[in-house]
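Beneath this line is the structure, given in structure tokens, with notes to follow.
Quick caveat, the model's predicted, so the values are computed rather than measured. No hydrogens, no waters, no symmetry mates; every other heavy atom, side chains included, goes into these values. Numbers restart at 1 for each chain; the letters A, B, ... are given by sequence-line order, proteins then strands.
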Protein chains: 2
Amino acid sequence: MQQITATELQTKAQRTKIRQNKKVLDLHAVKVACKECSLHQLCLPRSINGADLEKLDNIIERKRPLKRNEHLFQVGESFQSIYVVRSGSLKTYSPTVDGQEQVTGFHLPGELLGLDAIGKGKHPCAAKALETTSICEVPFENLESLSQELPTLQHQLLRLMSKEIFDDQELMLLLGKKTAEARLSAFLLSISLRFKQRGFSSIEFYLSMSRNDIANYLGLAVETVSRMFTRFQEDGLIEVERKHIVIKNREVMRQIAGMNECCEDDTQVN
Amino acid sequence: MQQITATELQTKAQRTKIRQNKKVLDLHAVKVACKECSLHQLCLPRSINGADLEKLDNIIERKRPLKRNEHLFQVGESFQSIYVVRSGSLKTYSPTVDGQEQVTGFHLPGELLGLDAIGKGKHPCAAKALETTSICEVPFENLESLSQELPTLQHQLLRLMSKEIFDDQELMLLLGKKTAEARLSAFLLSISLRFKQRGFSSIEFYLSMSRNDIANYLGLAVETVSRMFTRFQEDGLIEVERKHIVIKNREVMRQIAGMNECCEDDTQVN
DNA sequence: TACCAAACTTGATAAATATCAATTTTATAC
DNA sequence: GTATAAAATTGATATTTATCAAGTTTGGTA
């Protein structure tokens, strides 16, 4: 992404010119950056025109990248914005009574964070970068009032929230009913699908989260997850070396995961 | 709820008069009926005026009551409306690959159904009445365009969806991390709280769902649930006779459930 | 390069819960 | 009201996964 930096040496006229250029460049950059983003349809609904796009562009802030283990927000922090992952990844987690943490989700490029905070006005979970991660911040108040103007934006926002509910229910099913191997298999397929939807390889990828995080997320012990990785490799379902994963037999993995047909071929971007 | 029924004997003028009366009566009835409803703030935001209320009232349809085991909607059915439970209760459930069903939720008076269907435009789960149940139907298209006019309505809609996401995450935690007794305890406390929020007793209530449904929902075997009920009774935590439950020791139950502080005193209606 | 801590893996054992089987209770229909 | 089916309970056993313990690999850093 190109960036023009204004210096103290510039004249006012120069600065104005540069700012105008910057605007144009940014608008272009947004289009490119958001192409594979789950806000794609939100940012660039089919019918959106230049003026609307600019309106949206005006409310989106691009934050400095987070380093590994840095927090995007903490538990209990007041809710101000929805966040979109531009690159990298994060985990969200909540504290439990016994001082442990419960990992509630992983967030890959193009995915949203913060939707669960609208209700109470504060974040029920914390978000921590798993690697160097860059983020778009969308101040919720602005998004809400802009949605008031742009029906397609309101619709897209509701769709995304609905999808979040739907996905959570899938996970509940996983946690409630499935064996350890079904859980891990479903997890890997889910990551694979999400990479695919963003235009990355669905058969070969790096997991940015630790075995511990995976285990926590899936409601299993680390040791169990580790054993399952080993078993999957022995059975020729995957190749695994540390964080690098290659899916070798997606079909059998699907069977093990006991996946619904509805999730098999989810080619929709969101 | 008062109801004036037009008969064939009435003159046109009489009918017109009655219809006008009915409108007035209905507006009043809505206020009363929605008072304890999770759409309360949605239907009657503080600042709402008569005209707005009428607009909302105009889009809400009241369906004939469902009998026990009747479906409100089926899996895969095209999504048209959000539903609100007026009285009675329902369960939602999805089919799983192995022909089983997974219960994804129970819906008590004042609660919503259908929010998970917005994303894909069709219902990912089915909804079945657990007892005689009456329902408000809110056509989504109308709700969406009305939200476009009424910012408070849009806001409330987003809040409710966010709450749904938040609640699902709580349940995920339950399913992933907790023991059988923690799950059942949390379940009973959740039902208790929801009754309380609707103005019913929180210490004594009837469960409309079977042990099987509870077990399914909590990711346990029926036998385990049954044993836990027995144990809770032996330990003096509850009194249980079939579907009738009395909470005897909420504090210990909370400890067993390992509940977060955040959920303890959730006095908000939604 | 070598060291250290963290992450991961592997094995043995224990605990929780599912499954199977039998019985009792309750609900529904005739 | 009785017959029959469905739901719920209880006990015995099997299975899965957690826990405990030990060792290995990896990545960061002095």
For atom CD of A:E181 and atom C1' of D:dT15, their distance in whole Å: 13 Å
Comparing B:N212 and A:T224 on DNA chain D - which has the more 5′ nearest nucleotide: B:N212
Touch class at under 4.0 angstrom, heavy-atom based, for A:S210 against every strand present: sugar-phosphate
Interatomic distance where CE belongs to B:M209 and P belongs to D:dA7 [whole Å]: 15 Å
A:H244 NE2 to C:dC8 C1', straight-line distance once rounded to whole Å: 18 Å
Sugar-phosphate only, base, or nothing, as touched by A:A180 at under 4.0 Å among non-hydrogen atoms: sugar-phosphate
5' priority, DNA chain D, between A:V225 and A:R242 [closest heavy atom]: A:V225
Backbone N/O of A:L115 and side chain of B:S162: donor-acceptor pair under 3.5 Å: yes
Atom-to-atom span, CG of A:D213 to C1' of C:dA7 - whole angstrom: 11 Å
Touch class at under 4.0 angstrom, heavy-atom based, for B:R227 against every strand present: base
Phosphate-side-chain proximity, A:T230 and C:dT9, N/O vs OP1/OP2 below 4.0 Å: no
Candidate nucleotides D:dA7, C:dC8, D:dT10, ranked by approach to the side chain of B:E223 - the nearest: D:dT10
Length of the CG-P vector between B:L184 and D:dA8, whole Å: 13 Å
Ring-face cation contact, B:F166 with B:K163, 6.0 Å cut, 45° max: no
Sugar-phosphate only, base, or nothing, as touched by B:K243 at under 4.0 Å among non-hydrogen atoms: sugar-phosphate
Test side chain to side chain contact (heavy atoms under 4.5 Å, CB included) applied to B:K128 and B:N69, B:D213, B:L72, the passing residue: B:N69
d(CD, A:E241; P, C:dT9) in whole Å: 11 Å
Interatomic distance, B:F229 CZ vs D:dA7 P [rounded to whole Å]: 16 Å
Atom pair distance, as rounded to whole Å: CD in B:Q100 and C1' in C:dT19: 13 Å
Shortest side-chain distance from B:R211, nucleotide among C:dT17, D:dA8, C:dA18: D:dA8
Salt-bridge present (A:R211, A:E223; N to O < 4.0 Å): no
5' priority, DNA chain C, between B:R183 and B:R68 [closest heavy atom]: B:R183
For B:A127 against B:L90, the heavy-atom pair lying closest together: CB-CD2, 4.3 Å
